[in-house]
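Here is the structure we will look at, set down as structure tokens.
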Amino acid sequence: MCRLLYDANGKGYVVKIVDSFLDDKTYLELLELAGTDQHWVLIDKEGTASKYEMKLPDYLVKDIEQQYRSKIINRTEFGIDPQTFKVGLVKCEPGYWYPPHKDHATKVISTVVYLSPKEAPATIFSEDQSPRWRTNRLVAWKNEGQVHWYKNDTEFNRYTLNIYQMNKETLFVVE
């Protein structure tokens with residue numbers, strides 16, 4: 001399903017939403033990895049809450065990419081076909097808030113898959129138009145400078161699968 005959303009300036013953009021995106025085996029494997037205390041790398045800190053990311057094994061990245069490509073044809077959906085496909089498992093602690101931002105220009109398609117908890121705030125594009133959080137829901141959009149943000153106002157860790165699609169290899173450093 002595609003939805004047309006509008007930013008604060010009234011500019012419209014397409015957001016692709018796919019429910020039950022991952023097969024059960026992959027989804028459960030990601031939840032199992034999320035529950036481990038190993039291999040998390042601190043990415044950001046907001047007050048007392050932190051954001052972490054875990055690099056996934058190559059076989060799992062290939063599996064996720066295959067599932068993505070079987071459900072989304074980038075050239076048809078977004079008019080582009082990025083050269084690079086990377087994924088990361090992201091954990092945001094309770095109270096974590098990432099402020100309104102635009103994705104880096106090298107990220108040409110932004111994608112998030114909501115994993116856990118069962119209910120949490122989704123990616124926020126505007127207060128009244130944002131997709132709802134559902135576990136195993138993919139939300140993707142062509143990066144056209146849309147301002148968005150997210151927060152974890154639950155009492156549980158917020159887990160997402162972030163998919164980074166770029167036209168060239170880029171290393172991001174959070175300062």
Side-chain angles (χ1 to χ4, degrees), residues 1-9 11-24 26-31 33-34 43-44 51-54 56 60-61 63-82 84-92 96-154 156-166 172:
M1 145 177 57
C2 289
R3 285 185 51 196
L4 185 61
L5 300 181
Y6 296 90
D7 66 14
N9 299 320
K11 181 179 182 212
Y13 54 94
V14 173
V15 174
K16 175 74 176 182
I17 299 171
V18 179
D19 287 329
S20 302
F21 169 67
L22 297 166
D23 63 39
D24 290 345
T26 306
Y27 179 75
L28 292 173
E29 187 169 355
L30 287 170
L31 289 181
L33 280 171
I43 301 296
D44 189 27
K51 174 183 176 181
Y52 301 88
E53 187 163 7
M54 178 189 297
L56 298 176
L60 197 50
V61 173
D63 179 41
I64 292 164
E65 182 174 10
Q66 182 179 3
Q67 291 183 58
Y68 179 93
R69 296 201 187 286
S70 74
K71 295 178 179 166
I72 299 174
I73 301 169
N74 284 335
R75 176 116 8 239
T76 302
E77 303 284 349
F78 302 111
I80 54 174
D81 195 15
T84 305
F85 187 98
K86 292 184 171 188
V87 299
L89 185 59
V90 176
K91 171 174 72 172
C92 296
Y96 181 80
W97 180 75
Y98 198 86
H101 66 282
K102 297 177 184 178
D103 287 338
H104 194 275
T106 57
K107 189 196 291 186
V108 294
I109 297 176
S110 298
T111 307
V112 62
V113 180
Y114 305 131
L115 300 174
S116 179
K118 187 173 171 115
E119 294 183 20
T123 305
I124 303 165
F125 294 94
S126 69
E127 293 297 332
D128 58 345
Q129 290 198 354
S130 299
R132 296 196 53 183
W133 175 286
R134 285 197 183 129
T135 56
N136 202 10
R137 170 178 268 185
L138 173 139
V139 177
W141 63 95
K142 181 178 177 181
N143 182 9
E144 297 177 306
Q146 301 91 333
V147 174
H148 58 284
W149 65 98
Y150 54 93
K151 60 185 175 181
N152 182 7
D153 62 4
T154 74
F156 306 102
N157 288 329
R158 177 189 192 265
Y159 295 100
T160 59
L161 177 70
N162 290 13
I163 300 175
Y164 310 103
Q165 296 183 74
M166 300 162 285
F172 294 102

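Positions are given from 1, in the same order as the sequence printed here.
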Side chains of Leu89 and Leu115, heavy atoms from C-beta outward: is any pair under 4.5 Å? yes
So, Asn152 side chain and Cys92 main chain: donor-acceptor pair closer than 3.5 Å or not? yes
When you measure from the side chain of Trp133 to the backbone of Pro117, do you find a donor-acceptor pair of N or O atoms at a distance under 3.5 Å? yes
Can you check whether Leu22's main-chain N or O pairs, donor with acceptor, with Asn136's side chain at less than 3.5 Å? yes
Atom of Tyr164, atom of Val90 and distance for their closest heavy-atom approach: OH-CG2, 4.2 Å
Could you report the tightest heavy-atom contact between Tyr96 and Tyr150, atom names first, then the distance? CE2-CE1, 4.0 Å
Please assess Val61 against Lys86 for the test side-chain contact (heavy atoms from CB on, under 4.5 Å), listing each intermediate value before the final yes or no. CA-CA 7 Å; Val61 173; Lys86 292 184 171 188; over 6 Å; no
Distance (rounded to the nearest 0.5 Å) between Ser110 OG and Phe78 CZ: 9.5 Å
Looking only at heavy atoms, the pair that brings Ala122 and Pro131 closest together is CB-O, 3.1 Å
Out of curiosity, Asp19 CG to Thr135 OG1, how far, rounded to the nearest 0.5 Å? 9.0 Å
Show me, pair by pair, the donor-acceptor contacts under 3.5 angstrom made by side chains of residues 66-75, not counting sequence neighbours?
from, atom 1, to, atom 2, distance (Å)
Gln67, OE1, Asp23, N, 2.7
Gln67, NE2, Asp23, OD2, 3.3
Gln67, NE2, Thr26, OG1, 2.9
Gln67, NE2, Asp63, OD1, 3.3
Gln67, NE2, Asp63, OD2, 3.2
Tyr68, OH, Asn74, OD1, 2.6
Tyr68, OH, Gln165, NE2, 3.1
Arg69, NE, Glu65, OE2, 3.0
Arg69, NH2, Glu65, OE2, 3.0
Ser70, OG, Gln67, O, 2.9
Lys71, NZ, Ser20, O, 3.4
Lys71, NZ, Phe21, O, 2.3
Asn74, ND2, Gln165, OE1, 2.7

Is there a donor-acceptor pair under 3.5 Å between the side chain of Thr160 and the backbone N or O of Asn162? no
Enter the distance from Ile80:CD1 to Ile109:CD1 here, rounded to the nearest 0.5 Å. 4.0 Å
Checking Leu30 against Leu60 for the side-chain contact (heavy atoms from CB on, under 4.5 Å) test, could you report, in this order, the C-alpha distance in whole Å, the side-chain angles of both residues, the deciding distance, and whether it holds? CA-CA 9 Å; Leu30 287 170; Leu60 197 50; 3.9 Å; yes
Above 12 or not: heavy atoms from other molecules or residues under 6.0 Å from NZ of Lys142? yes
In Å and rounded to the nearest 0.5 Å, what is the CZ to NZ distance from Arg158 to Lys91? 14.0 Å
Could you tell me whether a side-chain N or O of His148 sits under 3.5 Å from a main-chain N or O of Pro100, the two making a donor and an acceptor? no
Of all heavy-atom pairs linking Met166 and Lys107, the shortest is CG-CA, 3.8 Å
Set out, in order, the CA-CA distance, both residues' side-chain angles and the distance that settles side-chain contact (heavy atoms from CB on, under 4.5 Å) for Lys118 and Phe156, then state yes or no. CA-CA 10 Å; Lys118 187 173 171 115; Phe156 306 102; over 6 Å; no
What closest approach, in Å, do Trp141 and Asp103 show between heavy atoms, and which atom pair accounts for it? CZ2-OD2, 3.9 Å
Heavy-atom closest pair (Ile43 atom, Tyr52 atom, distance to 0.1 Å) is CG1-C, 4.0 Å
Against Thr111, only a single residue in Val139, Leu138, Leu161 fulfils side-chain contact (heavy atoms from CB on, under 4.5 Å); can you say which? Leu138
Roughly how far, to the nearest 0.5 Å, is the CH2 atom of Trp97 from the CG atom of Asp153? 12.5 Å
